[in-house]
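What you see is a predicted model; the values in this text were computed from it and never measured. So you know, we letter chains A, B, ... as the sequences are listed, proteins then strands, and number each from 1.
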Number of protein chains: 2
Amino acid sequence: MRLSQFHLATVKEIPADAEIASHKLMLRAGMIRRLASGLYTWSPLGLRVLRKVENVVREEMNRAGAIELLMPSVQPRELWEETGRWEKFGGQLLKIKDRKQQEFCYGPTHEEVITDFARNELKSYKQLPVNFYQIQTKFRDEIRPRFGVMRAREFLMKDAYSFHLTQESLAATYAVMYQAYTRIFTRLGLSFRAVQADTGAIGGNASHEFQVLADSGEDAIAFSDGSDYAANIEKAEALAPTSERPAATTALQQVATPTQKTIEDVAAFLGVSPDRCVKTLLLRGRDGLVALCLRGDHQVNEVKAAKLDELGGESILASEEEILAAVGTRPGSIGPVKLPDSIPVIVDRDAAVLADFVCGGNADGTHYTGANWERDVRVTRIADIRNVVEGDRSPDGEGILHIARGIEVGHVFQLGTKYAEALDAVVLNDQGKTQVMTMGCYGIGVSRIVAAAIEQRHDDAGIVWPEAMAPWRVAVCVINPKHLPAVSEAAQALYEALNARGIETVLDDRGLRPGGMFADMELIGIPHRVVISDRGLTAGTLEYRGRTETESRAITQEQLFDLLV
Amino acid sequence: MRLSQFHLATVKEIPADAEIASHKLMLRAGMIRRLASGLYTWSPLGLRVLRKVENVVREEMNRAGAIELLMPSVQPRELWEETGRWEKFGGQLLKIKDRKQQEFCYGPTHEEVITDFARNELKSYKQLPVNFYQIQTKFRDEIRPRFGVMRAREFLMKDAYSFHLTQESLAATYAVMYQAYTRIFTRLGLSFRAVQADTGAIGGNASHEFQVLADSGEDAIAFSDGSDYAANIEKAEALAPTSERPAATTALQQVATPTQKTIEDVAAFLGVSPDRCVKTLLLRGRDGLVALCLRGDHQVNEVKAAKLDELGGESILASEEEILAAVGTRPGSIGPVKLPDSIPVIVDRDAAVLADFVCGGNADGTHYTGANWERDVRVTRIADIRNVVEGDRSPDGEGILHIARGIEVGHVFQLGTKYAEALDAVVLNDQGKTQVMTMGCYGIGVSRIVAAAIEQRHDDAGIVWPEAMAPWRVAVCVINPKHLPAVSEAAQALYEALNARGIETVLDDRGLRPGGMFADMELIGIPHRVVISDRGLTAGTLEYRGRTETESRAITQEQLFDLLV
């Protein structure tokens, strides 16, 4: 592509509401333009990148035996009523009435439509397993669209759905998809982790999220330095401590902590470290309040907590009023000692091996020192209710956990029979009996990958594309083309030679001054830059610079070709 | 592709509401499945064909210098208010309210969005001309969706929009697009005509429709056998007759035609041919009724009529009540003789050269014979108000017109400044002054092409794809693969050899009996079929049959390769 024939429009001024690096850089590079809240036009430059991602996804899905189709984006209400999701899906579902007042939605996902397709198309176990996918525009009416295409309302997604007779068959296709996803993100040149994910309210047997690592990521990931173990922090188990609880050695004593609000303040005031303190949270349980006790340096894991029988699926903090009414003190002074009998006390496994610890005094402005379980505190149950932290042992016993932040770009999920049952999607099995199919689903946020890659790979000058995602791999820049026809011709020849070798190259023949030209090529993240100048032409060399290099160097054309193989 | 690994699902029973060949065949071949009225899932087989069309369109658009981008499908009401189309577009516009009660539509076309993009992106005449396109899902809420994907509500379209400083620049890009469209439909292997189209209410300077010829087409096209001239019948000029009007020779005489209703009946009764009769239509004009007079064998052209000053843009027949009130007779007996002075009489050019003609008597059950213009009939004006007919001279003076039926699959249009003015899309010209841009727009109905091709190319056995649109060019069929491993291996080897040569081939390894296998391959329209059998293997030959051939023939593998080059 010759840039003079392209529409490249980098900009200096961008809206103040662009908060994160990818959003800012995509606007500055002119990859996207906002049409309305959560709605973006992909400019020619942006679309080139989007298509590269799309093509890698398609190639690997095909290679993995998935079969592409294309479902409508507009879906009838009736189908969503069959699964109960017309109401349950919530405000993200964009509902539409047509001219005949019939109701539809703009599909945010396609479980209903594909299961309807499958119940009509699939009649026999001989047609199974089968894995259908599509790459298609979806819409989710986000309550607060932001971060550009990272959390847009209209977005491009690859969604796949597999159908099986047995759980074993589902597990096999799930493994194939897991491998395909690994190849996709590896080919795209991204640093990522496949993490065990909580299966949440949907149920199902197994689920992995594919997370692109980036400091700005919304999700926290725990991964081992000694094995492949990686999990969403909600899911990662905190192993039970290997040590036993020591015997009590000190007496329980109530002390005044008149102005100390946080665990850190209390610990400093009393001269102990936070990991010798116990913090207590009161939550709304199934039958009244429930106390959760954790070590002072640990954080409660809401997903683990919600799974406690006493909490019954939700993890909601009690209000100050509820706490005052039940215990007679404010949240900052709550402790497990002498709590009313009606409140179960659930102790995290690490808190449970403490002795002679500090905890809230259940009276404003006081704490206890020398507290001990059983002796001073009634313990209902010991459980894993905390988030893992950097340095914890890996749950698989291999290595130590580290915490990273990630952006979810893919999700594989063993759905089971939820949708097939709701829509009565059955086949005849080898006994001639009807049997509900078992399903898997596998999503990739195609447009989100573009933003996630930028979050992971950028510097002060702009985007640093991996080769597979770059709009072009090489930029050939011409200095002063109008006045130096020989330079212009040499640049043209090099541009053609590179493209002829299958190396996607852009010729910057816009006639800009070098500074502006180089700044543009760095901003839009071209991995390799070659400058053709009068001086270099005389010397028979090109001036080369890799995107992450700080200096240019003179190389020959042959060296350039070798470098780009 | 091995069919055993694909989802091919041909069906015997199809819904009775499938009226036209393409709809029936797409359902029978399993290319599409209905989700709801006007909403179809493209099955894996259908999508293969759709993508082939899409890719040819994309390649030729790129070759023609157009630049691809991707706009949102959901568009804000505010933009459509700026052009006045939020109300004017009518019921086809699918309107949507989001969770914040803001209004949007599912884009049926993108003039508003691209012009908004252009007014923000384009600042200087140096950025012009530029031609942006996208290939994208659109929605039109058809009042009566039918004919499958031919008139679906959700469909795939390529839409391009060019921006210019001058009419000359627009005309140049228009010509480039015209040529690109010609290449696209030629490459797709379709028989088509680029026809001059009426520019209708949108205005603009020039417009061509690309029509795929098919007997079932909704549009009538006039084309010359002596030149490239082709026009939508609404647009085709009927040349003025070369002969002069003869002098009157007979007296005006009122005759009884008691039971004769139609021109044919009256002509037969009076012993003259219909082309010696004049029929008269009364329409609602700007200032009361207007009479249109045509030769008895000609049909009024409503588009031409609507453009008459007296009619003022519309062509609406007067009701029987209006006619009775104005003339005192029923529509079947209306004639131009002695009409009230308030009714202008507009005579078609061919009717105007008649003498001694037959016409309505302006009294029920009567006609006149021996009528003559001027002598007996007040003539307000002579104009071209009829449809051309088979045998008319071509308007360009070269050859004779023929009439064919077509399906509109593409449209190129010189829009002018309509949208740019409404949205204030200006650039600085070379004088440094702001100037409104001039626009062209260029559409192709990508999904409609698939149906149109089938309308043009099918037989009793099924679809007859042109090579460029076929899901696969070649089908290798294996007879009895399970029991004859040598046959199976030879088929596999041939399948691989063909694909290695870049010839897209499908291996029918499903193990069907020959009849079912051949019927499927004919139904889904594969251009070339090769059968590998035990007998052929011994003889060193393959059994080959082209899709439109009636007999198979034995050929060698080398002959097959030669044939498919």
Student: Does this structure show an ion pair linking B:E54 with B:R58, if we count only N-O contacts that are shorter than 4.0 Å?
Tutor: yes
Student: Do you know which of A:R48, A:Q136, A:R51, A:Q75 has the most heavy-atom pairs under 4.5 Å to chain B?
Tutor: A:R51
Student: For the ring pair A:Y161 and A:Y133, is the centre-to-centre distance below 6.0 Å?
Tutor: no
Student: What option among B:P76, B:S4, B:A9, B:A36 has the most heavy-atom pairs under 4.5 Å with chain A?
Tutor: B:P76
Student: Under 4.5 Å from any heavy atom of chain A, what part of B:L93 do you find: side chain, backbone, both or neither?
Tutor: neither
Student: Is B:K126 atom NZ crowded by more than 12 heavy atoms from other residues, nucleotides or ligands, each under 6.0 Å away?
Tutor: no
Student: Quick check: under 4.5 Å, non-hydrogen atoms only, which of residues 108-117 of chain A neighbour chain B?
Tutor: A:V113, A:D116, A:F117
Student: According to salt bridge (Lys or Arg N to Asp or Glu O under 4.0 Å), does anything in residues 2-11 of chain A pair up with another residue at least two apart or in another chain? List the pairs.
Tutor: A:R2-A:E496
Student: Output the option from B:G30, B:G46, B:G65, B:S73 having the highest count of non-hydrogen pairs under 4.5 Å with chain A.
Tutor: B:S73
Student: Determine which pairs satisfy side chain to side chain donor-acceptor pair (under 3.5 Å) with at least one residue from residues 86-97 of chain A, sequence neighbours left out, and list them in order.
Tutor: A:Q92-A:E142
Student: Out of B:L94, B:V74, B:I67, B:N62, return the one with the most heavy atom pairs under 4.5 angstrom to chain A.
Tutor: B:V74
Student: Would you call B:D508-B:R510 a salt bridge at under 4.0 Å N-O?
Tutor: yes
Student: When you check the gap from the basic side-chain N to the acidic O, do B:R153 and A:D98 get nearer than 4.0 Å?
Tutor: yes
Student: Which region of B:F6, side chain (C-beta onward) or backbone (N, CA, C, O), has a non-hydrogen atom less than 4.5 Å from a non-hydrogen atom of chain A, or is it both or neither?
Tutor: both
Student: Using non-hydrogen atoms and a 4.5 Å limit, figure out which bit of A:I32 sits close to chain B: side chain, backbone, both or neither.
Tutor: neither
Student: Please find the pair of heavy atoms, one from A:C105 and one from A:I96, that lie closest to each other, and give the distance.
Tutor: C-CD1, 4.2 Å
Student: Report which part of B:I143 has an atom under 4.5 Å of a heavy atom belonging to chain A: side chain, backbone, both, or neither.
Tutor: both
Student: Taking B:D141 first and then A:K100, would you say they form a salt bridge - that is, a charged N and a carboxylate O separated by under 4.0 Å?
Tutor: no
Student: Chain A: which of B:R99, B:M1, B:Q5, B:Q134 shares the most heavy-atom pairs with it under 4.5 Å?
Tutor: B:R99
Student: So which residue, B:M71, B:Q127, B:E68, ends up with the most heavy-atom pairs under 4.5 Å with chain A?
Tutor: B:E68
Student: What residues form a salt bridge (charged side-chain N to carboxylate O under 4.0 Å, His left out) with B:E103, not counting sequence neighbours?
Tutor: B:R77
Student: Does A:E82 pair with A:R119 as a salt bridge, N-O distance under 4.0 Å?
Tutor: yes
Student: Sort out for me which of B:F139, B:F132, B:Y40, B:W42 touches chain A most, counting heavy-atom pairs under 4.5 Å.
Tutor: B:W42
Student: Between B:L47 and chain A, with a heavy-atom cut-off of 4.5 Å, which part of the residue counts as in contact: side chain, backbone, both or neither?
Tutor: side chain
Student: Inspect the contact between A:R146 and A:D17 and indicate whether a charged nitrogen and a carboxylate oxygen are less than 4.0 angstrom apart.
Tutor: no
